[in-house]
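Scope of the values below: all heavy atoms of this structure, side chains included, with no hydrogens, waters or symmetry mates. In the text below, chain A, chain B and the rest are named by the order of the sequence lines, each starting its count at 1.
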Protein chains: 2
Amino acid sequence: MSAAHPVPSTASDAVWKALADPTRRQLLDELRRGPRTTGDLCGLFAMTRFGVMKHLRQLEEAGLLLIERRGRERWNHLNPTPIREIYRRWIRPFEEEGADQLLQLKRVAERGVAAKPTRKKTR
Amino acid sequence: MSAAHPVPSTASDAVWKALADPTRRQLLDELRRGPRTTGDLCGLFAMTRFGVMKHLRQLEEAGLLLIERRGRERWNHLNPTPIREIYRRWIRPFEEEGADQLLQLKRVAERGVAAKPTRKKTR
DNA sequence: TCAATATGTGACTAAAAGGTCACCTATGAG
DNA sequence: CTCATAGGTGACCTTTTAGTCACATATTGA
């Protein structure tokens, strides 16, 4: 696909995908409290070890994990940088521009009518 | 599943899922500049009208869209509130606690060794 | 050495998601 | 009314993703 209007597919796509799953968000929440071994993390979920490991791999590929090997153990460390990146480049802009938009929305919700924008070519 | 450790499945799950797709993020980016009709939005992508409409529906179900009907047109308005909610309840905490964690990570990356945490039961 | 522990890989199944198509409804202009 | 236009729905196909299982490797302690 992606002929005339290719989908960007930036490097942060993997981060968004990683954050989309509740299990992975829970993993990040746990790692926010400190580093954990893979085995520790497996004990937190109702799925098998392999399922958790698959999630960990996706987090790692998204750059959200730094991994430290100690003998036969693997300590997983959270890397918050990609999340900050997403915030700076995507979420914060929504915070900034929201003020007057919210007023418009209030009108839409209350009266079913907003400011009337001029129409473009509809194709 | 979800036997011993049920996955939360909060109301914001739909928002995360909605944000996971690059096409939907692009739609939100466009709507951030102002309200658009469904037809307008369809012209921005290389997919058919139906594909775009499916994405719009998912955005709506996640609460990210407010819809205003004007005759036979539908004006889609961005509702930034759910994104702010996600920021406040999930992303901002990562910003706050990150400082010392980042120091630890530097050690991990540079020397391959971090502070040695005490081990728990591995199961 | 030997066995228990901790982790890793590849193939496989089932469900969900992205996308298209055929078809339908409603509105506005003449 | 009539017809072109904007929007909407459901079935359908294809790809991706979540999760499991069988099997394999590496490390530690006795």
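- Residue-to-nucleotide proximity on DNA chain C shows that, of Gln58(B) and Phe50(B), the 5′-proximal contact is made by Gln58(B).
- Among the atoms of the strands shown, base atoms are found under 4.0 Å from some heavy atom of Gly51(B).
- Nearest-nucleotide assignment on DNA chain D puts the 5′-proximal partner with Thr38(B), out of Asp21(A) and Thr38(B).
- Among the heavy atoms of the strands lying under 4.0 Å from Lys54(B) is at least one base atom, whether or not backbone atoms are also near.
- For the side chain to side chain contact (heavy atoms under 4.5 Å, CB included) with Glu60(A), the qualifying choice from Asn76(A), Leu65(A), Leu66(A) is Leu65(A), the only one to do so.
- In terms of position on DNA chain C, the residue among Arg74(A) and Arg24(B) whose nearest nucleotide sits closer to the 5' end is Arg74(A).
- Between dT7(C) and Arg69(A), no contact under 4.0 Å exists linking OP1 or OP2 to a side-chain N or O.
- Interatomic distance, Leu64(B) CG to Gln58(B) CD, rounded to the nearest 0.5 Å: 11.0 Å.
- Within the structure, a side-chain polar atom (N or O) of Thr48(B) is placed less than 4.0 Å from OP1 or OP2 of dT20(C).
- With rounding to the nearest 0.5 angstrom, the CZ atom of Arg25(A) is 15.5 Å from the CD atom of Glu30(A).
- In terms of phosphate contacts, His55(B) brings a side-chain nitrogen or oxygen within less than 4.0 Å of OP1 or OP2 of dG19(C).
- Leu59(A) CG to Ile67(A) CD1: the interatomic distance, rounded to the nearest 0.5 Å, is 9.5 Å.
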